[in-house]
Amino acid sequence: MCKTNVLSVPSARAPFEKTVLERRELRPNDILIDIKYCGICHSDIHNAFDEWGNGMFPMVPGHEMAGVVSAVGTEVIKFAVGDRVGVGCFVDSCGQCEYCLSGEEQYCIKGVINSYNSLDYEGNQTYGGYSQKIVVKEDFVVRIPDAMDLDVASPLLCAGITTYSPLKHWNIGPGKKVAIVGMGGLGHLAVQYAHALGAEVTVLSQSLNKKEEALSFGADHYFATSDSATFTALANRFDLILNTVSANLNVDAYLSMLRLDGTLVNVGAPSEPDQYHVFSLIMQRRSIAGSLVGGIRETQEMLNFSAEQGIAPKIEVINAGQVDEAFERIIRSDVRYRFVIDISTL
């Protein structure tokens, strides 16, 4: 087994501790990755605080891993030592169901194995990227384009694919009007992707204090949702509203901004249920939907597209001793726009 230094939480809401973990021996189709950077996702906080339930402790969060291959199994064909690679939100699936076979492993019928806080098919707990090393099956690893720095690449492995995937699924492109709710870690990437795909992009945020940045990322319009006049001015306007925030919204108010057959897609995940009136859907044949991350094939597509289009998250690189503080700052929305841990400091 391979020993590695990790940051772990022993129980819900406990401070992080530096500990040592043993990764499994390389199987024939495994690769060993030296993690260089790992992004912090808001879902790491939800899990570490056990806000979604089913927390497994001790827990090593992290599912935005960027690093370099340091060893390969005997049957590995896709990667070699020295390759620049990434690992996202999941590390295994059954590989046999209709969704896995179509490249949608994230919706595996048997149940996808998450990068952390999950049990693999042999009953072993998974541990994530707040770690110096990880062992992963080669089929669940993506290649990071040479033109992309590893620290910049890491948030794309969750925040990037989480926003890219629904925009592609709902066929966003020229002639479409898209609203992005929230200008945080997900939202500032969603703006860039929607713009690059050719849509007319509007940002809906609580205040106007991020307007100039939103416009610099490619937004065409920006409105404050704290102003009730916004909802009147934008009634029946959008083909798609992508909600990136992890807080409960006035769902009926946002549905009123959708055109006929428009869709409100949720990628943010608040801990409490939302409420809405069904007539908000019926009268204009509107829909409410949700979207998870993309599959491995689409994640690679997203990385390549990002490199070609110059799309990148705005990041703040921190050391391993700053993660507790980073969690607190994320909770009070004090980050522009994504924290990335320099794993060499672990």
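Reckoned from all heavy atoms, side chains included, excluding hydrogens, waters and symmetry mates. Only a predicted model underlies this, so the values are computations on that prediction, with no experimental measurement involved. The first residue in the sequence is number 1, and the count goes up from there.
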Once side chain to side chain donor-acceptor pair (under 3.5 Å) is applied, do any residues pair with His169, and if so which ones, sequence neighbours excluded? none
What side-chain donor-acceptor pairs closer than 3.5 Å can you find for residues 190-197, not counting sequence neighbours?
from   : atom 1 : to     : atom 2 : distance (Å)
Gln192 : OE1    : Ala312 : N      : 3.3
Gln192 : NE2    : His188 : O      : 3.1
Gln192 : NE2    : Ala312 : O      : 3.1
Tyr193 : OH     : Ser306 : OG     : 2.8
His195 : ND1    : Gly218 : O      : 3.2

Tell me whether Lys18 at atom NZ has more than 12 heavy atoms from other residues, nucleotides or ligands lying less than 6.0 Å away. yes
Look at Arg285 together with Asp261 and state whether they make a salt bridge at an N to O cut-off of under 4.0 Å. yes
State whether the side chain of Gln322 and the backbone N or O of Asn319 hold a donor-acceptor pair below 3.5 Å, judged by distance alone. yes
Closer than 4.0 angstrom, basic N to acidic O: yes or no for Arg329 and Glu316? yes
Tell me every residue that passes ring pair (Phe, Tyr, Trp, His ring centres under 6.0 Å) with Tyr254, counting only those two or more places apart in sequence or in another chain. Phe231
Check side chain to side chain donor-acceptor pair (under 3.5 Å) between Asn114 and all other residues, then give those that pass, not counting sequence neighbours. none
Salt bridge check, Glu213 against Arg336: does any charged N sit closer than 4.0 Å to a carboxylate O? yes
Arg24 atom CZ, neighbour heavy-atom count above 12 within 6.0 Å: yes
Only counting residues at least two apart or in another chain, list the ones meeting side chain to side chain contact (heavy atoms under 4.5 Å, CB included) with Asp92. Ile113, Tyr121, Lys137, Phe140
Between CZ on residue Phe279 and CG on residue Asp252, distance to nearest 0.5 Å: 12.0 Å
Please enumerate all residues that pass side chain to side chain contact (heavy atoms under 4.5 Å, CB included) together with Glu51, with sequence neighbours excluded. Arg13, His46, Phe49
